[in-house]
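For this chain, numbers begin at 1 and follow the sequence in order. For ligands, and for the atoms within them, numbers begin at 1 and follow the listed sequence. Just so it is clear, the values below take in all heavy atoms, side chains as well, and ignore hydrogens, waters and symmetry mates. Everything numeric here is computed off the predicted structure, so don't read it as measured data.
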Amino acid sequence: MTARRIVLLGPPGSGKGTQAVRLAEALGVPHISTGDLLRSEVQNRTALGLQAQRFIDKGELVPDQLVAEMIKQRLQGMTGFVLDGFPRNLKQAQILEGVTEVERVLHFRLDREEIVRRLSARRVCPQCGRVYNLLSSPPQRDAVCDLCGVALVQRTDDTPEVIQKRIDVQYAREIGPMLEFYSARSVLREIDAHGDIETVYGAARRALE
Ligand code: AMP
């Protein structure tokens, strides 16, 4: 049986967002990205968005209780999902366990050098949110969204300093305890994220069986 309550873990730039979209579509379950949810709160200038923005801009984690409330609401009544960007630390993993039973956790592994290379080349469409990479999946026309024709932008947190901080503060420091947590529950699978999108997708699909 294919798992349907899925969590993706990995450093920023490991391609987990791209894979999350594809997996969710293939399995017919929603793709839930806390980064996307938070950016939308920021864009709409909600109370949560206003509180979250300064953490996002600095490359720090938004406080657990803010994100937990948001994700609890989003997951209510859901029997399947691909979670991308949550949990980010052990505390969030424990919170998630109180809300739903995760069936499979995929950990995308990627070298630091490659993370920085990929994130520096990332561009997004400010209108539809589609993500491009100037090196591996560039738009058809220079720096313009294939779907909207709008000029692509760089995320404000994809600058070299903030990238380094996101790797250290959000990933390197937090990943170990989460891997232990999920490994103890026998739901963890490791995915080598260095390959191209198709190769990594194949590995992810196999890991869900
Ligand atoms: P992402 O798009 O997943 O890279 O997330 C962008 C930013 O949103 C992160 O750098 C954090 O500041 C914030 N964020 C996303 N998910 C979480 C989370 N689960 N907990 C705390 N902060 C988060």
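Cation-pi contact between Arg22 and Tyr201: present, with separation from the ring centre below 6.0 Å and deviation from the ring axis of at most 45°.
Side chains of Gln43 and Leu38 form no contact here, defined as non-hydrogen atoms less than 4.5 Å apart. Side-chain contact between Leu110 and His194 is present, with at least one heavy-atom pair separated by less than 4.5 Å.
The shortest separation from a heavy atom of Lys58 to ligand 1 is not under 4.0 Å, leaving the residue out of contact.
Atom 9 (C) of ligand 1 has its nearest heavy-atom neighbour, among Gln92, Glu174, Gln170, in Gln170.
Tracing side-chain contacts under 4.5 Å through hydrophobic residues (I, L, V, M, F, W, Y), one reaches Met178 starting from Ile32; they form part of the same cluster. Linking Ile, Leu, Val, Met, Phe, Trp and Tyr residues whenever their side-chain heavy atoms come within less than 4.5 Å leaves Leu8 and Phe86 in two separate clusters.
Interface of Arg166 with ligand 1, defined as ligand atoms under 4.0 Å from a residue heavy atom, comprises 4 (O).
Considering only residues two or more places apart in sequence or on other chains, Arg122 meets the side-chain contact (heavy atoms from CB on, under 4.5 Å) condition with Leu119, Val131, Arg155, Asp158, Arg166.
Each salt bridge (charged side-chain N to carboxylate O under 4.0 Å, His left out) pair with one or both residues in residues 30-41, not counting sequence neighbours, appears once here: Asp36-Arg39.
Each of Arg173, Arg54, Lys165 was checked for a salt bridge (Lys or Arg N to Asp or Glu O under 4.0 Å) with Glu60, and the lone residue meeting it is Lys165.
Here's the thing with Val67: none of its N/O atoms is less than 3.5 angstrom from an N/O atom of ligand 1.
Scanning all protein heavy atoms for the shortest distance to atom 22 (N) of ligand 1 gives Val62 N, 3.0 Å. Among all protein heavy atoms, the one lying closest to atom 13 (C) of ligand 1 is Leu38 CD1, 3.6 Å. Annotation: atom 3 (O) of ligand 1 to nearest protein heavy atom, Arg88 NH2, 3.1 Å. Among protein heavy atoms, atom 4 (O) of ligand 1 sits closest to Arg155 NH2, 3.1 Å. Here the heavy atom of the protein found nearest to atom 16 (N) of ligand 1 is Thr34 OG1, 2.8 Å. Among protein heavy atoms, the minimum distance from atom 12 (O) of ligand 1 is reached at Glu60 O, 2.6 Å. Nearest protein neighbour of atom 6 (C) of ligand 1, counting heavy atoms only, is Arg39 NH1, 3.4 Å.
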